[in-house]
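For reference, the structure discussed in these notes is given below.
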Number of protein chains: 2
Amino acid sequence: MLPSYQHNALIEQKDTSLITTACGTCSNARCLIKKNLNSAAVNTFTKHRKEIRCKKGQQFIMEGAPVTGLFFLLKGTVKVLRTGLHGKEQIVRFAKEGEIIGHRGFGTEESYPIGAIALEDSLLCYFSKDILQEVLHTDPTFTYGLMLFYANELNKSEVKVKSLSQMTVRERIIDTLLYVNRKFGQNNGFIALVLSRREYADYAGTTEEQVIRVLSALKKEHLITTKGKRIGIVHLDLLKKEISEHNFYLDS
Amino acid sequence: MLPSYQHNALIEQKDTSLITTACGTCSNARCLIKKNLNSAAVNTFTKHRKEIRCKKGQQFIMEGAPVTGLFFLLKGTVKVLRTGLHGKEQIVRFAKEGEIIGHRGFGTEESYPIGAIALEDSLLCYFSKDILQEVLHTDPTFTYGLMLFYANELNKSEVKVKSLSQMTVRERIIDTLLYVNRKFGQNNGFIALVLSRREYADYAGTTEEQVIRVLSALKKEHLITTKGKRIGIVHLDLLKKEISEHNFYLDS
DNA sequence: TAAAAACTAAGTATTACTACTTAATGAGGA
DNA sequence: TCCTCATTAAGTAGTAATACTTAGTTTTTA
């Protein structure tokens with residue numbers, strides 16, 4: 001819970017495989033800041049940007065720690081989670097390049113309601129809450145953009161509420177497979193983002209054994225293939241069809 | 001799905017029990033517009049406010065209908081829901097005075113992802129999307145306020161995701177009882193908002209029978225009392241204790 | 001080659017489904 | 001205004017389906 005975790009991450013700047021870029025030359029077209037660079041306020045505030053490197057497995061937002069600012073994921077993959085009863089993780093979402101992380105700390109919250117852990121070596125842009133709030137109070141277009149982002153996140157979350165209360169475990173696992181596949185794509189015939197069975201369970205709201213059992217069944221039905229942790233989708237159409245009745249199409 | 005439902009509601013202005021008030025003299029301190037009346041842009045735009053009356057049971061937002069604007073609940077109670085598989089309702093939340101309804105239509109959505117039904121005769125303030133967007137693009141404080149509202153809604157929704165995937169049915173029902181009690185208070189020893197067992201089930205993500213069974217059990221344990229539809233909470237502390245491990249405190 | 005993760009299977013608990021009875025509510029007519 | 005009937009909702013119980021727990025073995029990964 002100590003706030004020094006950010007500094008720890010900041011110091012480790014040895015790895016040169018991740019290239020540092022300023023907002024002006026940043027390749028990340030999906031970034032909200034990049035989209036609003038023509039605004040004077042936004043442009044000024046990018047000067048206060050800090051870069052944070054995270055190694056695989058490193059937690060850069062601690063659940064319950066005071067809110068200091070907002071992160072933009074420049075490169076890498078991150079899982080966002082809440083801790084439940086007996087330490088059981090509820091994975092809220094998986095984030096990729098260009099996405100905002102830590103925005104749940106805004107609002108009335110004093111502390112981050114979520115934790116964030118890098119799933120691979122990642123590069124983050126960081127802006128302090130103070131600086132951000134200044135821009136949000138002066139540039140309505142930027143604020144409106146962030147507001148729309150929240151609105152979309154809210155819709156996604158509520159769709160997930162519905163799916164958790166109305167889908168079976170099998171359906172939720174299929175749904176999770178499709179979500180990860182849609183968002184992160186494939187690589188050599190396998191879903192590009194490699195997750196453990198436990199992580200699938202923590203996202204789908206079930207247990208590791210259930211995930212294993214359902215994946216075994218899907219394998220027997222020749223709908224997927226597996227090789228160790230990696231999962232390949234064979235019949236995307238049939239999997240989609242199985243959950244189509246719930247018309248649950250959640251992008252990103 | 002026809003857009004004329006609003007006009008139907010608008011015409012029925014016979015009932016005089018609900019008093020019409022303009023934003024300036026409005027008693028609703030919790031309303032976001034009321035809070036921002038000192039802004040010129042907000043003040044001007046309140047002139048475009050329309051008042052809509054809804055009778056008990058009337059649906060004033062149809063799921064899937066094109067987004068036309070935003071509602072502020074001036075008086076009454078409303079349930080917000082999503083329709084799932086086989087017409088099963090998922091109640092997203094119960095809204096009371098001062099709350100915003102239909103905000104889920106903002107974002108990339110073209111149509112309302114939710115439906116809204118009045119649980120009692122209600123009075124709504126309505127603002128068209130066009131007018132609203134104009135203010136949102138000019139007044140950053142108002143936009144920031146709405147953004148914070150979304151941020152809080154997002155937190156609530158994600159807490160609900162966690163509760164659905166980690167709580168038992170009994171816990172979820174207790175949690176729902178506490179939520180409704182906290183939000184709507186008591187009346188003659190019973191929870192002021194009277195809901196059907198089905199509505200409790202649709203909110204808690206279970207079946208009507210399970211709700212009845214759990215309520216019967218709670219009654220036998222002398223934790224609650226019931227009289228017809230009405231439910232009285234006897235031992236608030238014990239009920240709270242039972243779900244305290246999940247540290248699930250969701251206000252409003 | 002340890003350690004971690006995947007996988008299997010049996011037993012248990014929980015939850016949903018089906019079918020039914022009983023109580024409460026509301027509308028129309030005397 | 002009260003009564004009756006129809007309708008709606010509450011409540012009960014047994015069964016089937018689903019999901020979780022536990023305890024183990026095998027495979028994969030670092």
Side-chain angles (χ1 to χ4, degrees), chain A residues 55-57 79 84-90 119-121 163-177 190-191 193-221 224-232 242-243, chain B residues 55-57 79 84-90 119-120 163-177 190-191 193-221 224-232 242:
Chain A
K55 293 201 171 163
K56 182 176 177 175
K79 68 173 170 182
L85 185 58
H86 309 311
K88 187 166 160 51
E89 281 183 6
Q90 171 64 50
L119 289 174
E120 56 187 54
D121 289 4
S163 88
L164 277 171
S165 72
Q166 300 190 352
M167 281 179 166
T168 63
V169 166
R170 180 182 160 113
E171 288 170 329
R172 294 206 298 268
I173 291 170
I174 290 175
D175 188 65
T176 305
L177 284 174
F190 293 103
I191 294 175
L193 179 65
V194 179
L195 299 168
S196 72
R197 305 300 197 245
R198 165 149 295 282
E199 284 167 327
Y200 274 105
D202 289 342
Y203 184 85
T206 183
T207 59
E208 191 180 345
E209 292 85 351
Q210 290 286 353
V211 170
I212 290 167
R213 208 169 300 170
V214 170
L215 291 181
S216 296
L218 293 176
K219 212 161 110 178
K220 270 181 194 149
E221 296 167 35
I224 63 167
T225 54
T226 64
K227 192 174 181 185
K229 294 178 76 170
R230 284 170 295 170
I231 299 169
E242 195 165 331
I243 59 161
Chain B
K55 293 203 170 160
K56 182 178 176 176
K79 68 173 171 182
L85 186 57
H86 309 311
K88 188 168 159 49
E89 281 184 7
Q90 172 63 49
L119 289 176
E120 57 189 51
S163 89
L164 277 171
S165 72
Q166 300 190 349
M167 280 179 167
T168 64
V169 167
R170 180 181 161 109
E171 289 170 329
R172 294 206 298 266
I173 291 169
I174 290 175
D175 188 67
T176 305
L177 284 174
F190 293 103
I191 294 176
L193 179 65
V194 179
L195 298 167
S196 70
R197 307 299 197 245
R198 164 148 296 283
E199 284 168 327
Y200 275 104
D202 289 342
Y203 184 85
T206 182
T207 59
E208 192 179 345
E209 294 87 344
Q210 290 286 350
V211 170
I212 290 167
R213 205 171 297 183
V214 170
L215 291 181
S216 297
L218 293 175
K219 212 161 109 177
K220 270 182 195 147
E221 298 166 34
I224 64 167
T225 55
T226 64
K227 192 174 180 185
K229 293 177 78 170
R230 283 171 297 170
I231 300 168
E242 194 165 331

Identify, between A:Arg170 and A:Gly228, the residue whose nearest nucleotide on DNA chain D lies closer to the 5' end. A:Arg170
As an exercise, state the distance from NZ of A:Lys229 to CZ of A:Phe190, rounded to the nearest 0.5 Å. 14.0 Å
B:Glu171 versus B:Glu242, closest heavy-atom pair with distance: OE2-O, 4.1 Å
CD of B:Gln90 to OG of A:Ser163, rounded to nearest 0.5 Å, is 9.5 Å
Degree of bending in the helix from C:dT1-D:dA30 to C:dA30-D:dT1 once both end axes are built from five pairs, to 10°: 60°
Assert: residue with more 5' nearest nucleotide on DNA chain C, out of B:Gly205 and B:Lys56, is B:Gly205
Can you measure from CG (B:Leu177) to OH (B:Tyr203) and round to the nearest 0.5 angstrom? 11.5 Å
Report yes if some heavy atom in the side chain of A:Asp202 is under 4.5 Å from a heavy atom in the side chain of A:Lys79; otherwise report no. no
Members of residues 212-221 of chain B that approach DNA chain C, where some heavy atom sits under 4.0 Å away: B:Arg213
Rounded distance [0.5 Å steps], CD1 in A:Ile174 versus CD1 in A:Ile224: 9.0 Å
Reading DNA chain C 5' to 3', which nucleotide is the first, and which the last, to come under 4.0 Å of any heavy atom in chain B? C:dT15 to C:dT18
More 5' along DNA chain D: B:Glu209 or A:Gln210, using each one's nearest nucleotide? B:Glu209
How close do A:Met167 and A:Arg172 get, heavy atom to heavy atom, and via which atoms? O-NH1, 3.0 Å
For a quick test of your reading: what N or O donor-acceptor pairs under 3.5 Å do the side chains of residues 205-219 of chain B make, sequence neighbours left out?
unit_1: B:Thr207; atom_1: OG1; unit_2: B:Gln210; atom_2: N; d: 3.4
unit_1: B:Ser216; atom_1: OG; unit_2: B:Ile212; atom_2: O; d: 2.9
unit_1: B:Lys219; atom_1: NZ; unit_2: B:Thr226; atom_2: OG1; d: 2.8

To the nearest 0.5 angstrom, please state how far the CD atom of B:Gln166 sits from the CG atom of A:Leu164. 10.0 Å
Are side-chain heavy atoms of B:Arg197 and B:Ile231 found at a separation under 4.5 Å? yes
With sequence neighbours excluded, residues passing side-chain contact (heavy atoms from CB on, under 4.5 Å) with B:Lys56: B:Asp121
Distance (rounded to the nearest 0.5 Å) between B:Tyr200 OH and B:Leu195 CG: 5.0 Å
Walk along DNA chain D from 5' to 3' and tell me the first and last nucleotide with an atom closer than 4.0 Å to a non-hydrogen atom of chain A. D:dA19 to D:dT29
